[in-house]
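To start, the structure under review is shown below, and the notes come after it.
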Amino acid sequence: MISENEYRAQRIENLKALEKLGYEPFGSAFVRTGDISAIRALWTYPIEPATPEKPHPEGPAEPITVSAAGRMMACRNMGKTIFADLRDGNGRVQLFVNGKNMPEGAFDAFKLLDLGDHIGIKGDLFVTRTGELSIRVTNWTLLSKAIMQPPEKFHGLQDTEDRYRMRYLDLMSNQESRDRFNKRIAIVSEIRKYLEGLGYQEVETPMMQPHAGGAAARPFTTHYNALDCTMYMRIAPELYLKRLLVGGFDKVFELNRDFRNEGLDRTHNPEFTVLEIYEAYGDRTSMKNIIEGMIPHVCDKVLGTRKVKYGDGELDFTPPYREVSYHQLVKDKMGEDWFDLDAKAAYEKATAAGVDCDPNWSHLLITHEVYDKLIEKTLFQPTFVTRVPHEFVPLAKTCPDDPTLADVFEFVVAGKELCPGYTEQNNPFNQREAFAVQAGDEVEKIDEEFITALEYGMPPAGGLGLGIDRFVMMLTGTEVIRDVILFPQLKQR
RNA sequence: GGGGCGUUAGCUCAGUCGGUAGAGCACGUGACUUUUAAUCACGGGGUCCCGGGUUCGAACCCCGGACGCCUCACCA
């Protein structure tokens with residue numbers, strides 16, 4: 001996108017003028033004393049305004065000379081003195097620019113700079129009369145000329161579409177956006193550290209797969225020319241991670257992208273980040289322990305608190321989290337006799353409660369609709385929902401005391417499913433049967449090679465899958481997934 | 001896919017029963033040696049998202065389209 005406006009033309013004029021004075025408009029590497037926050041830390045004296053009793057703020061006997069680089073984000077020209085704000089990825093500092101401190105011509109050249117330009121400076125730290133740590137510039141150089149104007153300095157970039165399409169402008173001008181992504185990065189980093197501390201190994205498995213397995217979602221399809229075959233972008237890494245359990249990796253995780261060819265709304269992006277964890281010789285309970293250890297760890301390290309404002313409420317991630325069975329939740333809502341009703345009676349009761357369902361549905365489906373529409377969204381504080389009907393989780397084992405229920409939890413936060421955790425199915429006969437039910441007529445969709453792997457013996461295991469984008473949303477109090485993804489999917493213009 | 005709302009200067013936003021558009025920031029010129037959303041004076045800057053229609057006249061009303069936002073539906 002090229003915009004031929006007069007501002008751009010002016011900036012190009014300034015670029016040419018600087019070039020004529022010997023400044024390289026798109027300069028080269030610049031050695032800094034450190035980033036701006038490190039430079040600020042070099043000042044160990046008081047930072048306070050001058051007073052009549054103390055007209056000269058305290059400072060060192062010998063000047064602290066520094067080199068700094070950054071983008072000029074504001075400029076207050078007082079005539080013989082210019083105050084400019086220099087910012088880098090970690091902080092900002094004020095520059096005090098006055099011709100008497102600089103070589104001949106450097107001050108006049110400085111006036112040719114525009115907001116958004118990258119410069120490198122050399123100077124001494126001092127505190128201004130109004131009490132701001134600043135750098136008295138003794139020389140400067142141009143590092144990169146900005147031809148386009150940055151967004152408005154006070155309101156930042158507000159247009160939602162531009163913020164997503166030109167994320168760099170959003171990051172440049174909206175501090176809260178930078179903060180949110182810094183938190184996301186820290187959250188992901190702390191998750192890795194926590195799991196590595198527990199002895200887990202991070203692995204990478206195929207994102208292009210011949211069968212899109214491990215979940216039931218529509219995949220993106222592509223064609224691999226060399227082998228002349230159809231490939232699918234993965235919808236889950238699960239079946240490959242389990243192969244690793246067969247192979248002898250006992251504690252593995254993968255933290256990377258899945259792709260699902262489905263709708264796009266405030267909680268769905270077609271590519272999204274998932275953490276999957278598998279522990280040989282573990283089960284649902286060991287997965288629960290990881291959740292109850294990892295989430296407080298991340299909260300403490302990244303947020304410094306376990307309480308987060310979300311919507312109108314406040315989430316409390318202090319463990320232990322509530323654990324309640326699926327059946328109990330349904331009974332609490334629909335009455336103790338709910339599971340004694342036949343499908344017809346259940347249909348009538350559900351309809352009366354405002355749940356839109358079909359009279360031909362089974363009791364199971366009606367119950368699930370009730371859970372989906374009336375119950376899940378009311379579970380605000382972190383909750384493990386256990387003993388879910390087995391039909392909905394074909395990759396899990398059943399409960400030892402009840403073969404109709406899966407030995408799993410659904411970890412629900414703020415009314416949304418954040419993380420399922422399973423006692424994984426390792427019986428190849430049961431797994432094949434569950435796949436067959438799921439596949440229906442489309443038998444070719446079954447990943448036979450995975451079943452074969454199970455036949456070599458997969459240890460009993462626990463597994464879980466945590467939606468990282470949604471997790472970041474909850475920890476940062478964000479309600480739109482696009483605000484936690486640097487480059488969210490948008491329609492092409 | 002249905003419904004609602006939005007799109008005006010580089011950015012943030014006003015605006016009008018239908019009479020060819022304004023402010024702040026930014027930009028240009030001038031003043032100013034401790035400012036920090038600097039201040040003061042003057043000035044330049046617009047295909048009012050795109051295409052049709054109604055009208056003497058449309059940024060505004062009508063129809064169609066693009067993109068975005070919200071919402072419902074779909075969705076393991």
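The analysis underlying the following values was restricted to heavy atoms, covering all of them including side chains, and did not include hydrogens, waters or symmetry mates. A, B, ... follow the sequence lines: proteins, then strands. Residue 1 opens every chain.
- Looking at heavy-atom distances under 4.0 Å, A/P49 makes no contact with the nucleic acid at all.
- The distance from atom CG of A/L133 to atom P of B/U36 is 18 Å, rounded to the nearest whole Å.
- Counting heavy atoms of neighbouring residues, nucleotides and ligands inside a 6.0 Å radius, atom CZ of A/R76 exceeds 12 of them.
- Salt bridge A/R234/A/E254: present, at least one basic N to carboxylate O contact under 4.0 Å.
- The existence of a salt bridge linking A/K145 and A/E19 is excluded, since no basic side-chain nitrogen approaches an acidic carboxylate oxygen closer than 4.0 Å.
- A salt bridge is absent between A/R165 and A/D162: the closest approach of a Lys/Arg side-chain nitrogen to an acidic carboxylate oxygen does not fall below 4.0 angstrom.
- Below 30°, between 30° and 60°, or above 60°: for A/F126 and A/F96 the angle between ring planes is above 60°, a perpendicular geometry.
- Distance from the side chain of A/D265 is smallest for B/C74 among the nucleotides B/C74, B/A26, B/G45.
- For B/G1, the paired nucleotide is B/C72, the pair qualifying as Watson-Crick or G-U wobble because both relevant distances are below 3.5 Å.
- Residue A/Y326 is tested with A/F339, A/F392, A/Y371 for a ring pair (Phe, Tyr, Trp, His ring centres under 6.0 Å); the sole match is A/Y371.
- Regarding A/R163, its CZ atom lies at a distance of 17 Å from the C1' atom of B/G6, rounded to whole Å.
- In this structure, A/E262 reaches the sugar-phosphate backbone alone: every heavy-atom distance under 4.0 Å involves primed, P, OP1 or OP2 atoms, never a base.
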Q. How does protein contact run along nucleotides 64-70 of chain B, one letter per nucleotide 5' to 3', with B for base contact, S for sugar-phosphate only, - for none, heavy atoms under 4.0 Å?
A. ---SSSS
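- Distances were taken from every side-chain heavy atom of A/N98 (C-beta onward) to each of B/U33, B/U12, B/A76; the shortest belongs to B/U33.
- The separation of B/G3 from B/G22, taken at their C1' atoms, amounts to 34 Å, rounded to a whole angstrom.
- Contact of A/R129 with B/U34 (side chain to base): no donor-acceptor pair of N or O atoms is detected under 3.5 Å.
- One cannot find a donor-acceptor pair under 3.5 Å joining the base of B/G28 and the side-chain atoms of A/Y7.
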Is there any protein nitrogen or oxygen under 3.5 Å from a nitrogen or oxygen in nucleotides 48-50 of chain B, and what are the pairs?
none

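- Nearest nucleotide to the side chain of A/Q10, out of B/A26, B/U33, B/G28: B/G28.
- Between the C1' atoms of B/G1 and B/A21, the separation comes to 39 Å (whole Å).
- As the counterpart of B/G19, B/C56 is assigned, both hydrogen-bonding distances of the Watson-Crick or G-U wobble pattern falling under 3.5 Å.
- With distances taken from any side-chain atom of A/D162 to the nucleotides B/G45, B/U34, B/C11, the minimum falls on B/C11.
- On the C1' atoms, B/G51 is 15 Å away from B/A59, given to the nearest whole Å.
- Spacing of C1' atoms, B/U16 relative to B/G57, comes out at 15 Å, to the nearest Å.
- Classification of the A/Y321-A/F384 ring pair by plane angle, with boundaries at 30° and 60°, yields tilted.
- Under the Watson-Crick or G-U wobble criterion, with both distances below 3.5 Å, B/G64 is paired with B/C50.
- On a pure distance criterion of 3.5 Å, no polar donor-acceptor pair joins the side chain of A/T81 and the base of B/U34.
- Seen from the ring of A/F435, A/R432 does not count as a face-on cation partner, given the 6.0 Å and 45° thresholds.
- Put simply, CZ on A/R76 is 18 Å from C1' on B/C27, counting in whole angstrom units.
- B/G30 and B/C40 make up a base pair, with Watson-Crick or G-U wobble contacts both under 3.5 Å.
- Atom CD of A/E104 has 12 or fewer heavy atoms from other residues, nucleotides or ligands within 6.0 Å.
- Mapping A/G263 and A/F126 onto RNA chain B by nearest heavy atom places A/F126 at the nucleotide closer to the 5' end.
- Of the P atoms belonging to B/G6 and B/G18, the separation is 16 Å, rounded to the nearest Å.
- Here the side chain of A/R184 pairs no donor or acceptor atom with the backbone of A/L486 at under 3.5 angstrom.
- A/A216 comes within contact range of at least one nucleobase, with a heavy-atom separation under 4.0 Å.
- Protein atom CG of A/N77 is 10 Å distant from nucleotide atom P of B/A31, rounded to whole Å.
- Within 4.0 Å (heavy atoms only), A/E132 reaches at least one base atom of the nucleic acid.
- Other residues, nucleotides and ligands contribute only 12 or fewer heavy atoms inside 6.0 Å of the CZ atom of A/F429.
- Among B/U34, B/U12, B/C75, the nucleotide with an atom closest to any side-chain atom of A/L157 is B/U12.
- B/U39 and B/C62: their C1' atoms are spaced 49 Å apart (whole Å).
- Within the 6.0 Å centre-distance limit, the rings of A/H363 and A/W338 are counted as a close aromatic pair.
- Here the two rings, on A/F259 and A/Y232, have centers that are 6.0 Å apart or farther.
- Taking syn as a glycosidic angle within 90° of 0, B/U20 qualifies as syn.
- Remark: A/E424 engages A/K242 in a salt bridge, criterion side-chain N to carboxylate O under 4.0 Å.
- In this structure, A/L112 atom CG and B/G28 atom P are separated by 10 Å, rounded to whole Å.
- For A/D372 and B/A73, the CG to P distance is 11 Å, given to the nearest whole Å.
- Summarising the geometry, the separation between CE on A/M78 and P on B/U36 is reported as 8 Å, rounded to the nearest angstrom.
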Atom pairs, N/O to N/O, protein against nucleotides 22-25 of chain B, distance under 3.5 Å?
{"from": "B/G24", "atom 1": "N2", "to": "A/E152", "atom 2": "OE2", "distance (Å)": "3.3"}

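- Relative ring orientation between A/F110 and A/W140 is described as perpendicular, the plane-to-plane angle rising above 60° on a 0-90° scale split at 30° and 60°.
- A donor-acceptor contact under 3.5 Å links the side chain of A/T128 to the base of B/U35.
- B/G10 and B/C25 make up a base pair, with Watson-Crick or G-U wobble contacts both under 3.5 Å.
- Taking atom CD1 on A/I82 and atom P on B/U39, their separation rounds to 16 Å, with Å as the unit.
- Straight-line distance between the C1' atoms of B/C5 and B/U47: roughly 24 Å, to the nearest whole Å.
- On the P atoms, B/A23 is 14 Å away from B/G46, given to the nearest whole Å.
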